[in-house]
Amino acid sequence: DALPIYSEMPGDAVSEGQAYGMILALYSGDQKNFNRIWDAAEKNLWNAGTGFYDWRWNKGAVVGSGMATDADQDIALMLLFADSLVKKGLWTAHTSPLKASYRTRALELVNTIWSSAV
């Protein structure tokens, strides 16, 4: 039997959770789910005005704005690894719903982290 999942806000998603899912999918070689997780983060959490992912989404809206630097670092690293897999011919190129490639979004995140959080 599955254990119930408890959350401060049932039905929410956080950028750290998206990052952890991307880590697991990448290390499992599961591009389909990697893309699904990243696409959801792009669609629901990406903040083009700030250049990072807002940290919490619930019921169709961002309810926790601002950077969770550990999540953004993890996402950027996973996107760089995914880009490397594409370059090696192990994965196929993918564009997010916001028209970003793995590499372009990763570099944007790295630049934002460097300029805003270091």
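Remember, it's a predicted structure, so these values are computed and weren't measured experimentally. Atom set for the values below is all heavy atoms of this structure, side chains included, hydrogens, waters and symmetry mates excluded.
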In residues 59-83, what donor-acceptor pairs under 3.5 Å come from side-chain atoms, sequence neighbours left out?
| residue | atom | partner | partner atom | Å |
| --- | --- | --- | --- | --- |
| D72 | OD1 | Y53 | N | 3.2 |
| D83 | OD2 | K87 | NZ | 3.2 |

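- In the hydrophobic clustering of ILVMFWY residues, with side-chain heavy atoms under 4.5 Å counting as a link, L107 and V86 come out apart.
- At least one side-chain heavy atom of D39 sits under 4.5 Å from a side-chain heavy atom of H94.
- Pairing each heavy atom of E42 with each of A100, the nearest pair is OE1-CB, 4.0 Å.
- W46 has its side chain within reach of L109: a pair of non-hydrogen atoms, C-beta onward, lies under 4.5 Å apart.
- Hydrophobic clustering (ILVMFWY, side-chain heavy atoms < 4.5 Å, transitive): L24 and L85 are in distinct clusters.
- No single ILVMFWY cluster, assembled from side-chain heavy atoms under 4.5 Å apart, contains both W55 and I23.
- Centroid-to-centroid, the aromatic rings of F34 and Y27 stay 6.0 Å apart or farther.
- Remark: the backbone N or O of F52 is not paired with any side-chain donor or acceptor of T112 at under 3.5 angstrom.
- Hydrophobic cluster membership differs between V14 and I37, with clusters built from Ile, Leu, Val, Met, Phe, Trp and Tyr side chains linked at under 4.5 angstrom.
- In this structure, S84 OG and R103 CZ are separated by 8.5 Å, a value rounded to the nearest 0.5 Å.
- The shortest distance between side-chain heavy atoms of Q18 and L45 falls below 4.5 Å.
- We find the OH-CE distance between Y102 and M22 to be 8.0 Å, quoted to the nearest 0.5 Å.
- By the rule that hydrophobic residues join a cluster once side-chain heavy atoms approach within less than 4.5 Å of another member, W38 and L90 end up as members of one cluster.
- Side-chain atoms of S96 come within 3.5 Å of backbone atoms of L98 as a donor-acceptor pair (strictly under, hydrogens ignored).
- Remark: N47 pairs with T50, D54 by the side chain to side chain contact (heavy atoms under 4.5 Å, CB included) rule, at least two apart or across chains.
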